[in-house]
Amino acid sequence: MKNMTNLIIMGPPGAGKGTQSERIVQALNIPHISTGDMFREAIASGSSFGLEVARYINQGMLVPDDVTIEIVRERLSRPDCEHGYLLDGFPRTLPQACALENLLKEINRPIQCALNIAVDKNALIERISGRRVCPKCGASYHIVFKKPNKEDICDTCGSSLIQRKDDTPESLKVRLDAYENQTKPLIEFYEKNGVLVQIDGLQDIDKVFDDILNVLKGEKR
Ligand code: AP5
Ligand code: MG
């Protein structure tokens, strides 16, 4: 069976969406569209758009729907999405999910699979508090589960690793509340659409990826 290539990856903050996305896009040769990464790039560039979204992100609040939908609309219209896409962290609200349905109708690439990475709250806190990221190339590590070769140094570009500004206990609380109230209902939305697949995100990184690949190859649903 042909691989599925029109994909969404969902799950609470720190579930492992970015970690798994990196591997999925490599395996399937499709673009990784992460709204969180796009916002962080805008912040790093110092643009006025970056300044605007930083006000929300650093506190853990969701960026308003109109702004977020617009950047995804622009990104999905680029030619590299002609053979598929992996959306990571979008949609995150019901209005975003409805807008996405319309956008995907326009480009005739309906979602084939919405992967939901299920992880409990204790594991999320452990994963987020131990995450370290490279401010230069964006690579992501964990002090226990995905150690860099040299402590606090990026394997890829040699920069010093940092913690994300929204990985503080205060911001994480706001992010978890936003997830519970605004994002979690999307699980039901995609279940009703018949594309939802639950993935046990409490397993180690390699095992989670194996399960995802089996689903995408149509071997397990
Ligand atoms: P975003 O960047 O999407 O953040 P998030 O959803 O909070 O998720 P994270 O990136 O924190 O976690 P992840 O699931 O990618 O986990 P990771 O793989 O890094 O969004 C950031 C902000 O942008 C939002 O709060 C909001 O303000 C704004 N935003 C973005 N999209 C938006 C939208 N659509 N609408 C409105 N606002 C939006 O893994 C975490 C750690 O765990 C890592 O250290 C990793 O090494 C480790 N790890 C991963 N998997 C495992 C495993 N299986 N076992 C052990 N450790 C693991
Ligand atoms: Mg992420």
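Indexing begins at 1, ligand by ligand and atom by atom, following the structure's order.
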Exercise. Going by the order shown, which atoms of ligand 1 are within less than 4.0 Å of some heavy atom of F145?
Worked result: 55 (C), 56 (N)
Exercise. So does R175 pair up with D167, basic N to acidic O under 4.0 Å?
Worked result: yes
Problem set entry | Per-atom contacts of ligand 1 with Q96, taking only distances under 4.0 Å to non-hydrogen atoms | 33 (C), 34 (N), 35 (N), 36 (C)
Seminar exercise, completed: Rounded to the nearest 0.5 Å, the CZ atom of R109 sits from the CG atom of N6 at a distance of 4.0 Å
Exercise. Would you say E126 touches ligand 1, if touching means a heavy atom closer than 4.0 Å?
Worked result: no
Exercise. N/O to N/O below 3.5 Å, does that happen between L62 and ligand 1?
Worked result: no
Exercise. Hey, is R40 one of the residues with a heavy atom under 4.0 angstrom from ligand 1?
Worked result: yes
For this session: Give the contacting part of T68 toward ligand 1: side chain, backbone, both or neither, where contact means a heavy-atom distance below 4.0 Å.
Result: side chain
For this session: Without swapping roles, check the side chain of N181 against the backbone of D177 for a donor-acceptor pair under 3.5 Å.
Result: yes
Exercise. Which atoms of ligand 1 have any heavy atom of T19 under 4.0 Å away?
Worked result: 17 (P), 18 (O), 39 (O), 45 (C), 49 (C)
For this session: May I ask you to say whether D166 pairs ionically with R164, meaning some side-chain N is under 4.0 Å from a carboxylate O?
Result: yes
For this session: Look at D37 together with R40 and state whether they make a salt bridge at an N to O cut-off of under 4.0 Å.
Result: yes
Seminar exercise, completed: One should read off an interatomic distance between N58 CG and I43 CD1, to the nearest 0.5 angstrom, of 5.5 Å
Exercise. At what distance is the nearest protein heavy atom to atom 51 (C) of ligand 1, and which residue and atom is it?
Worked result: I205 CG1, 3.4 Å
Seminar exercise, completed: min-distance protein heavy atom vs atom 16 (O) of ligand 1 -> G16 N, 3.1 Å
Problem set entry | Top protein contact for atom 12 (O) of ligand 1, by heavy-atom distance | G14 N, 2.9 Å
For this session: May I ask you to identify the nearest protein heavy atom to atom 23 (O) of ligand 1, giving residue, atom name and distance to one decimal place in Å?
Result: I57 CD1, 3.6 Å
For this session: Quick one: look up the protein heavy atom nearest atom 37 (N) of ligand 1 and list residue, atom name and how far away it is.
Result: V63 N, 3.0 Å
Exercise. Which atoms from ligand 1 have a heavy atom of T35 less than 4.0 Å away?
Worked result: 30 (C), 31 (N), 32 (C), 34 (N)
Exercise. Just which atoms of ligand 1 are under 4.0 Å from any heavy atom in Y141?
Worked result: 43 (C), 44 (O), 46 (O)
Problem set entry | hydrophobic_cluster_shared for L124 and I143, side chain cutoff 4.5 Å | no
Exercise. Between CG of D120 and CG of L202, what distance do you get to the nearest 0.5 Å?
Worked result: 5.0 Å
Exercise. Would you call K147 and E151 a salt bridge, taking side-chain N to carboxylate O under 4.0 Å as the test?
Worked result: no
Seminar exercise, completed: Contact region, D204 to ligand 1, non-hydrogen atoms below 4.0 Å, reads backbone
For this session: Compute both the distance and the angle, then confirm whether R23 meets the cation-pi test with F209: under 6.0 Å from the six-membered ring centre, within 45 degrees of the axis.
Result: yes
For this session: Report the residue from L115, L86, I33 that forms a side chain to side chain contact (heavy atoms under 4.5 Å, CB included) with S21.
Result: L86
For this session: Give the cluster check for F39 versus L62: same hydrophobic cluster or not, with ILVMFWY residues linked at side-chain heavy-atom distances below 4.5 Å.
Result: no
Problem set entry | K192 bridged to E188 by N-O distance under 4.0 Å | yes
Seminar exercise, completed: Rounded to the nearest 0.5 Å, the CD1 atom of I30 sits from the CG atom of D80 at a distance of 10.5 Å
Seminar exercise, completed: Min over R55, R131, E22, R132 of heavy-atom distance to atom 11 (O) of ligand 1 lands on R131
Exercise. A15 near ligand 1, heavy-atom distance under 4.0 Å?
Worked result: yes
Problem set entry | ligand 1 atoms in contact with G18 (distance to a heavy atom under 4.0 Å) | 13 (P), 15 (O), 18 (O)
Exercise. Considering only heavy atoms, which of R92, R127, K207, H142 lies nearest to atom 30 (C) of ligand 1?
Worked result: R92
For this session: May I ask you to list the atoms of ligand 1 that are less than 4.0 angstrom from any heavy atom of Q203?
Result: 52 (C), 53 (N), 54 (N)
Exercise. Considering only heavy atoms of M61, which atoms of ligand 1 have at least one such atom less than 4.0 Å away?
Worked result: 26 (C), 27 (O)
Problem set entry | Protein residue, atom and distance nearest to atom 25 (O) of ligand 1, heavy-atom basis | R175 CG, 3.8 Å
Seminar exercise, completed: Counting heavy atoms under 4.0 Å, the part of K17 that contacts ligand 1 is both
Seminar exercise, completed: Going by the 4.0 angstrom heavy-atom rule, the piece of F39 near ligand 1 is side chain
Problem set entry | Part of R164 within contact of ligand 1 (heavy atoms, under 4.0 Å) | side chain
Exercise. Taking C-beta and beyond as the side chain, do V133 and Q163 meet within less than 4.5 Å on heavy atoms?
Worked result: no
Exercise. Does ligand 1 have an atom under 4.0 Å from some heavy atom of G130?
Worked result: no
